[in-house]
Amino acid sequence: MLAASGLVKHYGGVAALDAAGITVERGEVHALVGENGAGKSTLVKIISGTVRPDGGTIELDGRTVQFANARQAADHGIAIVSQELMTFGDLTVLENLFPFGGPGRLGLVSTRAMERLAAPVLAELGLRVSPHARVETLSLADQQLLEICRALLQDPRVLILDEPTSALPREAADRLTETTRRLARRGLAVLYISHFLEEVLRVAQRVSVLRDGRTVLAGEEISAVSVDSLVTAMLGDTGPAPAARRERAVLGGSSLSLTGVGVPGRLREVSLTAAGGEIVGLAGLQGAGHLAVLDAVCGRARPAAGSVRLPGGTVPRSPRQAVAAGVAYVSGDRKGRGLMLDQSLWENATAVRRLGLGRDGFVPSRRRLVQRTERLVHRLRIRGGPYDIAARLSGGNQQKAVLAKWLDADPAVIALDDPTRGVDVGARTEMHEIVRDLACDGKIILIASTDLTELVDVCDRVLVFQRGRITDEIVGEALSEQALSLAMNAGFAAPS
Amino acid sequence: MPPAVTDSAGEYRGGAEAPGRPLYRRFARDEVGVIAVLVVFVAGVGFFHPEFLHSGNLLSITHNTVYVGLMACGIVFPLAMREVDLSVGGMYAMCMVVGAVLIRDGLGTWVALIAMLALSALLGAVNGAVTTYMRLPSFIVTLATAMLFRGAGLALADGKQITDLPQSDSFFTVLGGNVAGVPTAVWVFVIMVAALTVLFTRTRFGARVRAIGSNREAAEFSGLPVAWTRIAALSLSGLMAGVAAVFSLAFFMAGDPTVGQGYELTAIAGAIIGGTPLAGGRGSVVGAAVGCLILSAVASALAFFQVPINWTTFATGGVILVAVAADTLLRRIRDPRPAGG
Ligand SMILES: Nc1ncnc2c1ncn2[C@@H]1O[C@H](COP(=O)(O)OP(=O)(O)OP(=O)(O)O)[C@@H](O)[C@H]1O
Ligand SMILES: [Mg+2]
């Protein structure tokens with residue numbers, strides 16, 4: 001029912017899209033995959049009317065359409081949940097769900113009617129928040145679900161989801177894929193972008209692959225592909241050679257320790273130590289307290305009881321003190337906590353060392369900063385140059401830029417929270433390799449992730465949190481997704 | 001809206017050597033617009049009224065701009081970090097009165113000068129400290145302190161001008177006089193614009209101001225001293241009001257508690273015309289100065305066209321709208337879709 005073909009989009013001299021196309025039928029989930037910067041988001045932004053193409057056509061039910069803006073696309077029944085959050089933080093959940101005013105009479109909005117309409121949709125996606133909560137108090141995951149609810153409330157014919165599960169914990173992601181399939185069975189056409197290839201195989205009936213702005217695999221039946229064949233299609237022939245892994249030893253010496261740390265409402269008497277060279281995972285359901293540990297280490301959450309000691313003995317009382325003591329905080333919330341989106345990549349990549357630590361002397365030479373950025377761009381294989389404005393990088397490349405700015409500061413403790421959110425499979429492996437490398441250099445690494453496979457892949461051991469306490473520790477061989485999932489949900493009647 | 005740098009994404013793809021002079025290009029793009037508007041406007045008026053172009057007239061336009069212009073250059077800093085300072089007008093009046101009172105009561109003029117500057121910087125810092133530690137928006141804090149400052153000035157001066165000052169003192173003859181045929185105040189204005197431009201674009205403080213304005217939360221997580229920078233930025237804008245007060249006192253040789261009404265809004269308007277958006281993250285000191293010059297040039301041109309004086313405010317409003325709209329439009333044409341990701 002939706003067919004886009006020959007789409008071309010140039011930014012400056014570069015083709016973001018170059019003869020890309022996709023067709024999505026009623027009743028199917030059609031997955032779109034590709035490397036970071038392949039043009040996936042650009043393609044769906046064109047379909048949903050937020051980006052004007054330089055060439056190509058879009059057909060809806062056989063008729064050629066052109067959208068001047070998002071509203072027109074919405075009027076044609078196309079709803080999009082974009083990769084970056086578009087929530088209004090100051091407004092309530094309900095107000096976010098009905099951005100155009102919602103149901104009501106005589107221009108007056110009826111809160112009761114809005115609640116009635118919203119309740120089943122919220123329930124379907126398992127979003128359990130008060131309709132009157134301010135959205136900025138919600139977690140990234142809940143905000144993501146909120147956006148999906150908003151799209152569903154438009155009652156669309158075509159639903160576009162751009163990396164909807166990148167910030168979602170496992171249960172929520174599973175529920176979302178379930179819902180997506182159900183919606184398709186009800187006759188919706190769903191276009192689904194994801195970097196989780198197993199998830200793609202589970203949720204989609206067909207899949208298309210974009211590479212460097214071109215469609216290289218168009219609408220292949222899902223039964224005819226595998227994770228490996230998709231990766232090959234995404235990368236072309238030039239798959240990166242796996243680097244030789246360095247031997248790593250847990251060093252004694254300087255370590256990070258929490259003793260009896262309590263943060264009201266978040267942590268209760270948590271004690272842990274992490275030594276140099278160690279990669280310690282932090283896992284838990286939403287609100288279990290594992291993220292509060294990262295906040296405490298970064299000086300964001302002040303413990304009411306107990307103490308946090310960084311290597312060297314510093315007790316971080318503010319983010320500034322923590323950064324000065326060598327703590328890095330790599331956040332998956334790149335838009336909120338990570339990047340200055342309206343500034344260039346070099347300004348972002350050098351921000352911590354230049355502005356936070358002030359290690360560069362009085363007037364840092366721009367040339368040196370740009371050169372440093374270039375090295376980071378190269379090391380992390382960021383698609384973009386030092387002078388590119390961060391907002392114009394693709395989502396995955398923005399995420400790499402967040403890591404870049406902390407690598408530049410050469411920290412001793414690295415706190416990672418969903419560090420590879422929205423990063424493609426190949427780059428994810430490379431980033432994990434960098435994390436291991438950092439550990440080899442004796443850094444202390446704490447990592448939390450909504451994606452359990454990430455923890456299994458990189459961690460030496462994982463601490464499992466429930467209700468603000470450490471309830472389990474899973475070490476080495478015993479570390480698996482099932483073990484983690486079991487430990488996280490242990491004691492709850494049903495996994496929630 | 002991000003800066004209007006449209007260095008195309010992939011010219012530098014994959015970390016290739018970056019060609020070009022983006023610094024020059026960015027500078028040019030950000031300020032050339034307002035400068036062109038000023039030049040075209042002045043030339044246009046001069047076409048109908050050649051007397052408008054006489055150096056005496058141009059100099060007097062510039063001299064009239066100095067006081068608000070200094071404040072506009074200072075206010076760029078809070079604006080670029082997404083704060084605002086509405087107290088500069090009140091600060092200006094109060095500092096003048098304080099200076100006049102001190103001099104009248106026999107304090108040395110140069111000591112009085114230092115007292116005025118110190119007082120303005122200190123009160124600016126108080127604005128910043130209250131904003132930071134009471135967790136209030138600077139809009140509200142400075143709205144209140146604007147009245148406090150002006151009220152203090154009125155009370156100190158008992159609502160009247162303070163005029164019995166030693167007019168032959170070198171303070172008045174030098175700072176209120178001319179150097180090489182140009183008012184000292186204009187020289188100082190030029191030096192201040194240059195110094196603040198360096199401070200804004202070249203120093204760590206300036207970069208921190210812009211970083212915080214761009215994304216405060218990310219700046220905090222990156223270890224930037226957000227509270228301190230805010231206090232310093234508001235202190236700086238206060239100090240610039242103090243500098244304006246010093247030159248104003250030296251020139252008018254009187255402390256008038258009612259001067260500078262609405263200067264804060266003119267200063268903000270000048271900064272916005274000059275390309276410092278209220279959204280923060282960037283700004284231009286040169287632009288702010290030129291923006292204020294445009295506003296004075298318009299006021300002066302109206303007199304040449306014999307527009308009744310009471311229409312000046314109306315026209316100024318129109319100019320602000322047109323200038324800001326034109327600037328936004330130009331940026332949109334250059335850069336149709338700023339958002340991405
Ligand atoms: N507004 C813009 N200005 C300049 N270049 C842009 C802009 N938007 C996107 N690009 C470029 O277009 C290319 C494709 O970006 P796009 O966001 O579509 O990638 P993507 O496939 O969604 O990647 P990801 O998986 O990282 O989200 C990238 O190289 C990006 O830098
Ligand atoms: Mg994308």
Side-chain angles (χ1 to χ4, degrees), chain A residues 11-16 41 50-52 83-84 298 300 319-324 329 331 335-344 347 351-352 354-358 360 362-364 366 370 373-378 381-395 398 405 409, chain B residues 1-26 80 198-199 201-229 277 279-282 335-341:
Chain A
Y11 286 111
V14 197
S41 296
T50 48
V51 165
R52 207 85 67 87
Q83 185 172 9
E84 300 307 328
C298 297
R300 273 294 272 199
R320 180 159 169 75
Q321 280 182 0
V323 171
Y329 176 70
S331 172
K335 190 175 173 184
R337 297 179 161 188
L339 296 179
M340 305 179 282
L341 283 177
D342 57 0
Q343 301 207 358
S344 63
E347 283 168 303
V352 179
R354 182 169 57 107
L355 306 177
L357 296 167
D360 286 314
F362 182 60
V363 185
R366 182 184 307 248
V370 167
T373 308
E374 268 163 7
R375 277 197 295 277
L376 289 162
V377 163
H378 190 75
R381 299 206 304 125
I382 297 174
R383 271 205 205 202
Y387 295 108
D388 286 343
I389 302 300
R392 303 204 180 130
L393 298 176
S394 80
Q398 286 179 12
K405 83 173 199 184
Chain B
M1 205 158 98
V5 183
T6 43
D7 301 322
S8 50
E11 267 172 50
Y12 319 120
R13 215 165 242 227
E17 254 311 307
R21 286 179 300 276
L23 167 68
Y24 152 75
R25 278 161 81 187
R26 183 190 291 204
V198 170
L199 185 64
T201 59
R202 283 277 176 262
T203 66
R204 181 169 294 129
F205 170 67
R208 280 175 173 164
V209 162
R210 282 177 280 131
I212 294 167
S214 177
N215 185 346
R216 192 178 53 78
E217 205 182 359
E220 225 160 77
F221 274 108
S222 304
L224 273 73
V226 176
W228 191 90
T229 308
R282 62 197 175 87
D335 181 20
R337 292 273 170 201

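Everything numeric in this text was worked out from a predicted model, so none of it was measured. Just so you know, these numbers use all the heavy atoms, side chains as well, and skip hydrogens, waters and symmetry mates. Throughout, protein chains are lettered first and strands after them, A, B, ... in sequence-line order, and every chain is numbered starting at 1.
- Looking only at distances, a side-chain donor or acceptor of B:Asn215 sits under 3.5 Å from a matching main-chain atom of A:Lys335.
- B:Ser214 pairs by the side-chain contact (heavy atoms from CB on, under 4.5 Å) definition with A:Met340, A:Asp342, A:Gln343, not counting sequence neighbours.
- Contact between A:Arg354 and B:Ala207 at its shortest, heavy atoms only, is NH1-CB, 3.8 Å.
- To the nearest 0.5 angstrom, B:Arg202 atom CZ is 5.5 Å from A:Arg366 atom CZ.
- With a threshold of 4.5 angstrom between heavy atoms, A:Leu376 does not approach chain B through any atom at all.
- Test A:Arg300, A:Arg320, A:Arg337 against B:Glu220 for side-chain hydrogen bond (donor to acceptor under 3.5 Å, both in side chains) and you get one pass: A:Arg300.
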